[in-house]
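The structure appears below as structure tokens.
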Amino acid sequence: MAAAPLVYLPDSKLRLVSAPVERVDDEVRALVATMFETMYEAAGIGLAAIQIGVARRVVTIDLAGKDEEPQPLALINPEIVKASDETQLYDEGCLSIPDYYEEVERPARVTVRYLDGDGAQQELEADGLLAVCIQHEIDHLNGVLFIDHISRLKRDRVVKKFEKARAIGELPSFPKRERRAPEPVEA
Ligand code: K1U
Ligand code: ZN
């Protein structure tokens, strides 16, 4: 399975509201595999399908470091069913907005309901970076970017920078970090 090209700011696809997955079939599992491939190649910890141009409610996440066992997590039709009043700040980044980081405040703990790769309903309680990442990815499914949570001044500045980069044909590059993809599962 090959990695797919990423969609970058200011591509209007990033503002689409993605459609729910009706049935978790081989096509959806192939999309998940392509997303993991793309996410590992870009050294990201999360990816939403729209970031490779597919407007479906599918998210991949892996928070494992480069020397740790991979912990791939695929969330299909994820929804937050509980969020804490307590919040946390995290310096967020986005594979679709390379080299730009800003602090965002979000609920510190969330409970997310989703379908797994077999179409079974699951629920997961998350805090720390996992809670941040889940909320960041679900935002993508709703056409929301982390820069929508920062000041208008900062947002306008970064959007202009990427509009200019696109106008002069300068594709953004993402600094590659060392990252190991999971070993294929033996049949
Ligand atoms: O959705 C995305 O664009 C992926 C994004 C997820 C994310 C990172 C940090 C906070 C919230 C959400 C990334 O993976 S950007 C890459 C990155 O910033 C990072 C990579 C490895 C460890 C920590 C951050
Ligand atoms: Zn992002």
Side-chain angles (χ1 to χ4, degrees), residues 3-18 31-80 83-84 87-110 112 114 124 126-150 154-155 158-159 161-162 165-166 171-182:
L6 284 164
V7 170
Y8 295 105
L9 191 75
D11 194 314
S12 58
K13 285 194 200 83
L14 291 171
R15 294 309 188 175
L16 293 176
V17 176
S18 295
L31 170 63
V32 167
T34 301
M35 288 173 62
F36 275 119
E37 203 62 49
T38 308
M39 186 184 86
Y40 289 129
E41 190 180 281
I45 55 169
L47 191 75
I50 195 59
Q51 293 180 277
I52 57 166
V54 179
R56 301 182 81 181
R57 300 185 83 81
V58 180
V59 160
T60 53
I61 291 176
D62 192 339
L63 300 191
K66 75 177 172 84
D67 296 323
E68 293 168 5
E69 272 301 301
Q71 294 169 16
L73 174 66
L75 309 175
I76 298 162
N77 297 344
E79 38 176 331
I80 289 170
S84 63
T87 60
Q88 64 177 335
L89 289 171
Y90 195 88
D91 212 18
E92 296 194 20
C94 181
L95 295 177
S96 297
I97 313 174
D99 299 331
Y100 186 74
Y101 296 85
E102 275 298 337
E103 217 166 54
V104 173
E105 185 175 15
R106 298 183 188 269
R109 287 175 302 284
V110 292
V112 61
Y114 63 98
L124 172 70
D127 60 9
L129 181 55
L130 182 57
V132 172
C133 194
I134 286 170
Q135 293 173 81
H136 178 114
E137 302 310 334
I138 291 178
D139 268 359
H140 273 303
L141 303 183
N142 294 321
V144 175
L145 300 171
F146 84 94
I147 56 171
D148 299 329
H149 297 288
I150 65 176
K154 287 179 177 172
R155 181 167 60 252
V158 67
V159 170
K161 184 178 146 192
F162 278 80
R166 185 169 72 173
L171 269 178
S173 64
F174 201 78
K176 288 249 166 75
R177 295 183 191 84
E178 283 275 312
R179 188 75 194 264
R180 191 162 45 88

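Just follow the structure's listing: the first ligand is 1, and inside any ligand the first atom is 1. Every value quoted in this text rests on a predicted model; they were computed, and no experiment measured them.
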Would you please determine whether [X] falls within less than 4.0 Å of ligand 1 on a heavy-atom basis?
{"X": "Gln51", "result": "yes"}
{"X": "Ala42", "result": "no"}
{"X": "Phe146", "result": "no"}

| When rounded to the nearest 0.5 angstrom, what is the spacing between OG1 in Thr38 and CD1 in Ile52? |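 Result: 5.0 Å between the selected atoms.
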
| request: For the residue pair His136 and His140, categorise the inter-ring angle as parallel (less than 30°), tilted (30 to 60°) or perpendicular (more than 60°). | output: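 Perpendicular: the ring planes of His136 and His140 meet at over 60°.
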
Sub-3.5 Å N/O-N/O distance, [X] and ligand 1:
{"X": "Tyr90", "result": "no"}
{"X": "Leu129", "result": "no"}
{"X": "Glu137", "result": "yes"}
{"X": "Leu95", "result": "yes"}

| ligand 1 contact on Ile45 by region, counting heavy-atom pairs under 4.0 Å |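 Contact part for Ile45 vs ligand 1: both backbone and side chain.
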
| message | Given a threshold of 2.8 Å, state how many protein N/O/S atoms are nearer than that to the Zn ion (ligand 2). | response |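 There are 3 of them.
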
| query | Any side-chain heavy atom of Phe146 within less than 4.5 Å of one from Glu102? | reply | yes

| field | CA sep, side-chain torsions, deciding dist, call: His149, Glu92, side-chain contact (heavy atoms from CB on, under 4.5 Å) | value | CA-CA 11 Å; His149 297 288; Glu92 296 194 20; over 6 Å; no

| said: Whether Lys161 and Asp99 form a salt bridge (side-chain N of Lys/Arg under 4.0 Å from carboxylate O of Asp/Glu) is what I want to check. | reply: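 No, this pair does not count.
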
| note | Filtering Cys133, Ser96, Gly93, Gly46 for the heavy atom nearest atom 9 (C) of ligand 1 leaves Gly93

